[in-house]
Structure formats: C-alpha cells, structure tokens
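Residues: numbered from 1 along the sequence shown. As a basis for the values below, the full set of heavy atoms in this structure was taken, side chains included, without hydrogen atoms, waters or symmetry mates.
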Amino acid sequence: MKKSVILGTLTVAALSAGTAGAQTLSDVQERGTLNCGVNTGLVGFAAPDANGNWEGFDVAVCRAVAAAVLEDPQAVEFVSLTGKTRFTALASGEVDILSRNTTWTFTRDVDLKFEFAGINYYDGQGFIVPKELGVSSAKELSGATVCVQTGTTTELNLSDYFRKNNMDYEPVPIETNSEAQQQYLAGACDAYTTDASGLAATRAAFEAPGDHVILPEIISKEPLGPLVRHGDDEWEDVVRWTINALIAAEEYGITSANIDELKQGTDSPEINRILGSADNLGEMLGLDADWAYRAIKANGNYGEIFAKNIGESTPIGLSRGLNAQWTDGGLMYAPPFR
C-alpha cells in the first residue's frame, strides 16, 4: 500500500477524533467497565486463553487501569482491533484506551489527536524467514515477497529500508497477525516483517519454531505504549501514572508477594506515597489513596508482568534489553511520585 493511501486512512481517523467527550474517567466509573482495544491475537501480548479469558503484556495494562479506577482488574471489556480499525475505534469512543502494541509517532500524536500515555515496550522492526531459505541478513532479501500488515508504521519502514538499500521487494498485504502467520507458513511470502517482539511471539506459536530465523537487522525505532484521546487530560493522567506505578514498583522492590506487607508502611517515603500509606496522590487523579496499590497487585510490577508474559522463561523468550530498569542499563524509568 502506498504512503498516500495510509495517510488518507489516518486523516479519516483524525476527522473523527474528539467525537468522544473528554470525560472518560467519569464515563468508565459510571459504566463500571473499561473498554480496552487490543490486538486481534498476539500470543504473549494480547490473546484469549482456552477459556476465552484475555491475557498478555498489553492486557495487563488495561487490567491495572481497571483495578485503579474500578477496584476490579476483571472489569474490562476487550475489543480486538486490526491495524486499520484501532484508531477509528479510539477516536469514536468505542474503546477508552488502546493497548495494542502501537508505535508512538509524530503523526499519531499530532495529526490524529491522540496522546501516548507512556512507553511500556521499546522495540524495533525486524524480519523472520524460513531457515531453509538460507538467508542470514535482511540485505539478502532483494526481490523477496514480504508479508506486511496494512495501515501500520511497519509498511512505511519496509518501503524506506528497501529503497535506502537499493533493493526491490513485493509486498503481500495482510490485515492481522494470524493472517500473516497463515500466509507466511503457506509460502505466500518469503519473509514476514513486524516489530521484533511480534516476530518472537508469532514464531513461538509455530509447530516448529526452530525452522524459522529472526534476522539480526532492526530497521526502525518502535516505542510502543497505550494511548488515549487528545484533550482528555484527566484520563490521560490516570493511564500514565498507572503505567508509572508499575515501573516504579519494580524499581523499589514492590512485588505481588510483598505488597500487602509494604502497604502497612515502610521507611521509604516513595514507597509509602505509591501505596497510599502516606499522602494521598490518588485524590489528585480523582481516585482514592489505594489506586496504585490495586494496580500493582492486579498483575504484579512491570518486571513481573514482563517475565510472566513475554520473558526469557516463556515461549516468547524475550530478554529485557532496552526494557530493563534504568538502574540495570535499560530505559525503563518512572518519574518521581511526590
């Protein structure tokens, strides 16, 4: 798909942005459920289990917000969205928050009138190919057919990368990750390109993961995070500081195992403020003092969420890398709670 077509799609979404009033917090509280936009199915990030219960890294964000706002991490209605439908769904008010491995870009922030509430995964775009293809570098893909999701930054990055390296390719447009998986395994394309984390999640679902290779090149910066509508400042604050609470909890050693003990009070002023045993930061958000306590307890801290859903001990097998705490050489860093 050409860039002009994609921008046209974005403009349509932009025209509808703002149609939902800037009162999401009160709407969610009155409704009693949080409407969360997620992927159509990406193991480790957002996918229903055998019983139909949604779980994953992105799902955990919405459960944490629901716990903070509604005192119930299960009070979430998940809406599966494609790369094309996600922005219209958020702009129209169909969902209250989009937690769907979405890249923070200038256009989405400024032109589409959305607000990114933070970055919860630093990623980059890569390629996966069958091992039997004998390719060890993306620069060997000249003339290849490449499966790519439409309506995404992935599509533009792919075009830029091949043009920059004077290579030709034939795009095979797909709508969802599951469709990409089917097309790729059926041999409809030589390679599949998306965020490297998505490639790892996709490969983990293959019957023979070892038969496929994720190439070493990372061709873009993909800062991923949840977003809300522009101008809805109160709601944006709630989502942003819920994410910050999860990140800060890991830094300060607040875990799902010790949170109740720490809630009784510690010699750390920062922990006390986060858990509501000192001051009442929740009041500034229109919530009670225990909002962050509930958000953290719902799934654990950021590190626990990462390890459980996509970490090295899971089939996804992702290392922390840039997503390690700043104290461990990564980029995860929460502003002070004070």
If you look only at pairs with a residue in residues 310-338, which of them pass as a ring-ring contact (aromatic ring centres under 6.0 Å, His included), with sequence neighbours excluded?
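Listed once each, the pairs are Trp241-Phe337, Trp326-Tyr333.
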Take Val69 and Leu34, measure what side chain to side chain contact (heavy atoms under 4.5 Å, CB included) needs, and give me the verdict at the end.
CA-CA 9 Å; Val69 175; Leu34 172 70; over 6 Å; no
Heavy-atom count check: over 12 atoms from other residues, nucleotides or ligands less than 6.0 Å from Glu77 CD?
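No.
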Please check if atom CD in Glu283 has more than 12 non-hydrogen atoms from other residues, nucleotides or ligands closer than 6.0 Å.
no
Quick check against the 3.5 Å criterion: does [X] have a side-chain atom that pairs as donor or acceptor with the backbone of [Y]?
X      : Y      : answer
Asp49  : Gly52  : yes
Ser159 : Leu156 : no
Thr152 : Gln149 : yes
Asp288 : Asp290 : yes
Lys131 : Gly210 : yes
Thr107 : Thr105 : no
Arg203 : His212 : yes
Arg86  : Leu81  : no
Trp235 : Asp96  : yes
Asn301 : Ile254 : yes

Starting from Ile219 and following side-chain heavy-atom contacts under 4.5 Å between hydrophobic residues (I, L, V, M, F, W, Y), which residues can be reached?
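Once heavy-atom contacts under 4.5 Å are chained together, Ile219 belongs with Phe127, Val129, Leu133, Val135, Leu141, Val146, Val148, Leu158, Tyr161, Phe162, Met167, Tyr169, Val213, Leu215.
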For the residue pair Arg320 and Phe306, would you count it as a cation-pi contact if the rule is NZ or CZ under 6.0 angstrom from the ring centre and within 45 degrees of the ring axis?
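Yes, Arg320 and Phe306 form such a contact.
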Say you draw a straight line from [atom1] of [X] to [atom2] of [Y]; how long is it, rounded to the nearest 0.5 Å?
X      : Y      : atom1 : atom2 : result
Ile310 : Asn323 : CD1   : CG    : 7.0 Å
Asp195 : Thr103 : CG    : OG1   : 5.0 Å
Phe78  : Asn53  : CZ    : CG    : 9.5 Å

Is the shortest distance from a Lys or Arg side-chain nitrogen in [X] or [Y] to a carboxylate oxygen in the other one below 4.0 Å?
X      : Y      : answer
Arg163 : Asp160 : yes
Lys139 : Glu217 : no
Lys297 : Asp260 : yes

Do the side-chain N and O atoms of Gln125 and Thr194 include a donor-acceptor pair separated by under 3.5 angstrom?
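Looking only at side-chain atoms, Thr194 and Gln125 do not form any donor-acceptor pair under 3.5 Å.
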Under 3.5 Å, is there a donor-acceptor pair between the Asn177 and Thr202 side chains?
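A pair is found: one side chain offers a donor N or O, the other an acceptor, under 3.5 Å apart.
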Going by the angle between their ring planes, with limits at 30° and 60°, are Tyr192 and Tyr184 parallel, tilted or perpendicular?
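Rings of Tyr192 and Tyr184: tilted, as their planes differ by 30° to 60°.
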Could you go step by step and tell me if Tyr302 and Glu251 meet the side chain to side chain contact (heavy atoms under 4.5 Å, CB included) rule?
CA-CA 9 Å; Tyr302 177 85; Glu251 177 182 351; over 6 Å; no
Test side chain to side chain contact (heavy atoms under 4.5 Å, CB included) on Val238 and Thr242; report intermediate values, then the result.
CA-CA 6 Å; Val238 168; Thr242 297; 4.3 Å; yes
